[in-house]
Amino acid sequence: MSPGNTTIQTLTTKKSPVFRAVDVAKIYEMGEVQVHALRGVTLNLYDHEFVVLLGASGSGKSTLLNILGGLDVPTTGTVHYQDHELTASSDAELTKYRRNYVGFVFQFYNLIPSLTARENVELITEIAQSPMHPLEALEMVKLKDRADHFPAQLSGGEQQRVAIARAIAKKPKVLLCDEPTGALDVETGIVVLEAIARINRELGTTTAVITHNAAIAQMADRVISLSNGQIIGIEENAERIDASELKW
Amino acid sequence: MRKLDQKLIRDLTHMRGQALAIMLVIAAGVATFVMSMCAYNSLAWSKETFYREFRFGDVFSSVRRAPLSIIPRLKEISGVAAVETRLVYDVLLDVPEMTEPATARLISVPESGENELNKLYITRGRMMEPNRTGEVVVSEVFADAHSFVIGDSVQAILNGRSQQLKIVGVALSPEYVIQIQPGSIMPDDRRFGILWISQRDLEAAFDMTGAFNSLSLKLTYGANPDEVVDELDRLLKPFGSVGGYLRDQQLSHQYLSDEIAQLRGMAMMAPAIFLSVAAFLLNTVLSRVISQQREQIAALKAFGYTNWEVGLHYMNLALVISLAGTVIGAAFGIWMASGMTKLYHTYYRFPVLELRIDIQAVVLVFLITTAAAIFGTWFAVRSAIRLPPAEAMRPEPPPSFRPTLIERILPRHWLSPELRMVVRNVSRKPVKASLSVVGIAMAVAVMILGSFSLDAVNYMMDFQFRKAQRQDLTVTFVEPATASVVYEIGRLPGVIDSETMRSVATRIHFANRSKRVGIMGLESTPQLYRLLNTGEQPVAIPEFGIMLNTRLAEVLGVVPGDLLTVEVLEDKRPTLNLEVTKIVEEYSGANAYMNKQQLHKLLKESDVASGAFLKVDSNRVNEVFHELELRPGVASVAIKDAVIDSFQATMEKSVLVMRTFIAGFAAVIAIGVVYNSARISLSERSRDLATMRVIGFSKSEVSTVLLAEIALFTLLAIPIGWLFGFGLAALMVSGLDTDNYRIPLVINPSTLGVAALVVVVATVISAIIVQRRINELDLIGVLKTRE
Ligand SMILES: Nc1ncnc2c1ncn2[C@@H]1O[C@H](COP(=O)(O)OP(=O)(O)OP(=O)(O)O)[C@@H](O)[C@H]1O
Ligand SMILES: [Mg+2]
């Protein structure tokens with residue numbers, strides 16, 4: 001362990017956790033079969049923190065992210081976001097939580113095909129408390145000039161960038177990204193990651209990014225590895241690398 | 001604009017074909033409802049106003065001859081507010097441009113020119129002037145039919161003397177809003193007219209000074225009408241009363257009320273049919289949209305849109321469609337109602353008959369369609385509300401298919417892979433498939449419902465006036481005529497055959513029910529005026545007992561073998577006990593028949609006749625008319641063919657308009673259902689179809705998969721629609737059952753054929769549109785997008 005590592009360690013432990021997940025399990029009942037997507041995950045996430053989730057396909061990454069984002073509830077265990085106990089919240093409270101605090105970037109973009117890039121962003125800024133200007137958000141992912149194009153007129157990567165613009169536009173307290181660069185080449189991938197990192201840096205947004213790309217892990221404060229529904233390791237990076245320096 | 005609303009507009013634009021189809025179905029239902037309600041409102045208002053302001057009587061009665069001195073006693077009857085007595089005579093009228101005579105009903109007007117009840121509304125000219133003789137005011141329809149102008153003259157036979165009558169005015173009366181000759185089932189404006197004439201003129205002509213033969217009463221508020229009628233009958237009995245009756249037996253009032261009730265019925269039925277189809281369509285379309293957009297829903301919810309906001313967004317999709325349909329339908333309905341009101345003017349005459357827009361009905365129909373839209377989309381919208389966002393993030397699992405029963409039964413090579421896909425698709429969603437079939441069947445049923453009435457009326461006319469009654473002329477006499485008079489008429493040159501009848505006013509009692517009925521005595525095996533059974537076979541008239549027609553038997557609750565008490569209301573007024581021998585089929589009136597000789601015996605009278613039926617050489621008809629006209633004893637002559645022809649002509653003209661609208665509406669339903677189900681199948685399966693195309697199936701092979709489904713639905717729907725049509729027609733017929741006529745449930749094969757044809761054409765049109773979509777199928781685009 002390098003000395004720098006220790007500094008961060010002490011620094012992070014001093015901070016109070018934003019998320020406290022204790023013994024979280026998720027079981028899907030598929031008729032006769034039970035699928036254990038998560039088996040007792042205990043985890044803290046801290047303010048300003050940039051976390052990367054790594055793991056094989058089916059290891060439970062998306063499930064965990066959905067639970068943190070208030071999209072899903074665990075079968076057992078508790079999750080707190082600051083003072084809110086998400087696991088004890090009603091559907092309406094979870095909706096409010098998502099509306100006010102969370103930005104999502106989905107594995108499959110989930111844009112509204114009948115709205116232009118800009119309108120997709122506006123759809124979210126409309127209901128946010130102190131959003132940025134929609135064009136500013138698109139500028140951050142270098143798509144301002146395509147603002148009036150419909151998703152069908154954009155490439156997969158461009159759609160993904162719109163999805164990111166949409167997620168960051170509300171200046172969320174929590175940004176959750178499920179494979180944000182899955183469909184992107186290096187260059188655009190870096191653009192996207194820079195945008196995410198910038199939000200994290202400038203707004204202090206707690207950020208969790210799922211990826212299969214271990215290289216991205218170098219950007220993170222911590223790297224959490226999942227396997228078969230369990231955390232098999234948490235690694236802290238001594239130094240965060242800037243997105244532009246990533247190589248993959 | 002909210003971005004969610006922007007999405008709504010874009011989504012609607014994207015599915016405009018389907019949205020338009022559903023909107024039109026809603027519009028058709030709304031239009032029918034609004035049209036009926038506005039017409040109802042206009043007619044009901046005009047009726048009420050006319051009745052009130054022109055003091056339409058509540059009770060009517062006629063007597064042979066009663067002295068005016070009885071009036072004070074009539075006024076003393078408890079419940080009577082006003083009494084009006086008058087002289088009423090039906091006479092033959094010689095109208096210049098007509099070869100055959102018309103019948104005029106002469107009604108006396110007091111010398112003052114002002115009736116107390118059943119007042120006249122002068123539309124042109126003036127009332128008769130006191131002290132002038134030979135002036136008349138004619139009813140408007142009659143004047144219009146003959147293009148009379150003020151100052152024209154007609155020649156009437158008053159009590160055997162020809163007299164010239166000068167037309168000084170044209171008028172309307174609440175008693176004759178629609179002008180129908182008693183005994184007839186339809187108006188005949190040319191051959192039957194009302195003439196109001198001064199009381200003095202009529203008294204003189206019929207030797208009735210100081211007497212009256214007809215009266216009308218107005219009742220006080222809260223009076224018991226039946227008690228008044230009983231008391232009235234008791235007082236007038238000595239003067240040859242044939243029994244008083246209330247408005248509900250008054251011919252014009254009956255027809256008007258039936259028409260109004262019919263509009264009510266139509267207003268009930270239309271929304272039920274159209275809106276349930278629309279609700280079903282909205283349900284299928286919205287279910288599809290929501291399942292297509294589940295990932296969008298997930299995103300909206302993930303970003304904090306509430307379940308309620310998301311649900312409302314989809315509900316709004318339905319509400320916009322239903323609102324547009326309501327607005328268009330209401331506008332169209334009002335336009336149709338204004339046409340309808342004009343059409344009513346042909347038969348029904350009021351001082352004012354103008355379109356009264358029923359705002360309440362418009363508001364009501366808006367609420368109903370909104371409710372239907374919400375009801376129809378509720379399950380789909382609820383699924384959007386309940387959709388857990390985390391789950392929606394994952395693509396929907398592929399539908400599970402199984403080999404169907406049909407495939408297991410049929411040998412494998414019987415079904416091509418395309419047809420196998422059709423069978424599996426249909427059997428995977430049996431509820432939706434059957435609802436589609438039901439929807440198309442509804443179109444067939446609506447078509448039948450809209451056009452069967454013409455079949456029914458034609459059957460009724462044919463049954464009554466060609467099969468049953470075969471005379472050319474019906475003559476009635478002022479007083480029962482002796483055998484010699486009848487014999488003479490039968491021997492007139494041109495008359496081929498003749499038959500006599502004796503009719504007598506009675507009140508028939510059975511159990512605690514009673515009804516005023518004219519009993520007609522006929523010869524035992526009549527050849528001209530025949531009675532038929534349901535099987536259209538002539539019925540011989542038994543020597544003893546009484547025969548009732550279906551309607552009367554129904555009203556009294558009588559079956560053959562029952563014993564009736566018959567109170568004769570003429571002359572010596574005997575009370576008879578008669579056994580019901582047979583029930584005969586008739587579609588108009590509530591009538592009773594018996595053997596003429598037997599009737600004479602029971603009335604203790606000689607062989608007299610109230611009227612005669614004549615078969616006439618068609619070349620000599622004019623001659624016979626002319627002869628009859630000159631006879632003082634003749635009250636009226638009805639010419640069967642002329643009456644039927646003119647009626648059928650007007651009927652067909654007005655029905656044709658309605659029929660066109662209804663065919664349009666039915667086509668709207670058919671296209672709505674067929675097009676929607678095809679579009680949804682196309683959207684559900686565009687990936688499969690694109691894949692088929694990519695792996696080398698031709699366009700037409702690919703189309704088979706979709707079009708075979710459409711064809712299958714339509715083929716199944718046609719017979720089911722016929723059944724629905726029969727059912728709805730039966731429902732309508734029973735609702736229209738009135739005292740005046742019964743509409744037989746007759747639907748011609750051609751009507752069934754046309755209904756099927758309209759739906760087939762609608763199907764073909766939909767198929768062509770869908771085919772074009774298949775041809776345009778963007779192979780790459782479809783395969784690229786995730787679903
Ligand atoms: N709604 C569901 N019903 C049943 N099983 C589910 C459901 N959602 C997830 N699973 C199962 O839970 C496990 C974890 O799924 P999850 O989506 O969290 O994996 P992941 O790590 O995100 O995988 P990937 O990298 O492929 O996206 C998988 O085995 C998956 O099949
Ligand atoms: Mg995943």
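Within every chain, numbering begins at 1; the chains are lettered A, B, ... in the order of the sequence lines, protein sequences first and strands thereafter. Hydrogens, waters and symmetry mates are skipped; everything else that's a heavy atom, side chains included, is used. Everything numeric here is computed off the predicted structure, so don't read it as measured data.
Taking CG from L4(B) and CD from E122(A), the interatomic distance works out to 13.0 Å, rounded to the nearest 0.5 Å. Atom CG in L115(A) sits 8.0 Å away from atom NZ in K3(B) (nearest 0.5 Å). A distance of 4.0 Å separates CD1 in I112(A) from CD in Q296(B), rounded to the nearest 0.5 Å.
Between E119(A) and R10(B) there is a salt bridge, with a side-chain nitrogen of the basic residue lying less than 4.0 Å from a carboxylate oxygen of the acidic one.
With a 4.5 Å cut-off on non-hydrogen atoms, I9(B) does not touch chain A at all. Proximity to chain B (any heavy atom under 4.5 Å) is shown, for D178(A), by neither the backbone nor the side chain. Contacts between Q293(B) and chain A at a heavy-atom distance below 4.5 Å are absent for every atom of the residue. Proximity to chain B is limited to the side chain of E126(A), based on heavy atoms less than 4.5 angstrom apart. If you measure heavy-atom distances from K96(A) to chain B, you find no contacts under 4.5 Å at all. For L111(A), the part sitting under 4.5 Å from any heavy atom of chain B is the backbone (N, CA, C, O) and nothing else.
Within 6.0 Å of the NE2 atom in H14(B), the count of heavy atoms belonging to other residues, nucleotides or ligands does not exceed 12. Counting heavy-atom neighbours within 6.0 Å of Y97(A) OH, excluding the residue itself, gives a total above 12. In F150(A), the CZ atom is crowded: over 12 heavy atoms of neighbouring residues, nucleotides or ligands sit closer than 6.0 Å.
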Side chain to side chain contact (heavy atoms under 4.5 Å, CB included) between K301(B) and T95(A), worked out: CA-CA 7 Å; K301(B) 287 190 175 179; T95(A) 303; over 6 Å; no
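Across G70(A), P113(A), A92(A), G103(A), the residue that shares the most heavy-atom pairs under 4.5 angstrom with chain B is P113(A). Per-residue heavy-atom pair counts under 4.5 Å with chain B were compared for I67(A), L123(A), N100(A), L176(A), and the maximum is reached by L123(A).
Minimum heavy-atom separation, A298(B) to N110(A): CB-ND2, 4.2 Å. The two atoms that bring P389(B) and L71(A) nearest to each other are CB-CD2, 3.3 Å, heavy atoms only. Among all heavy-atom pairs drawn from R166(A) and F303(B), the shortest one is NE-CE1, 3.4 Å.
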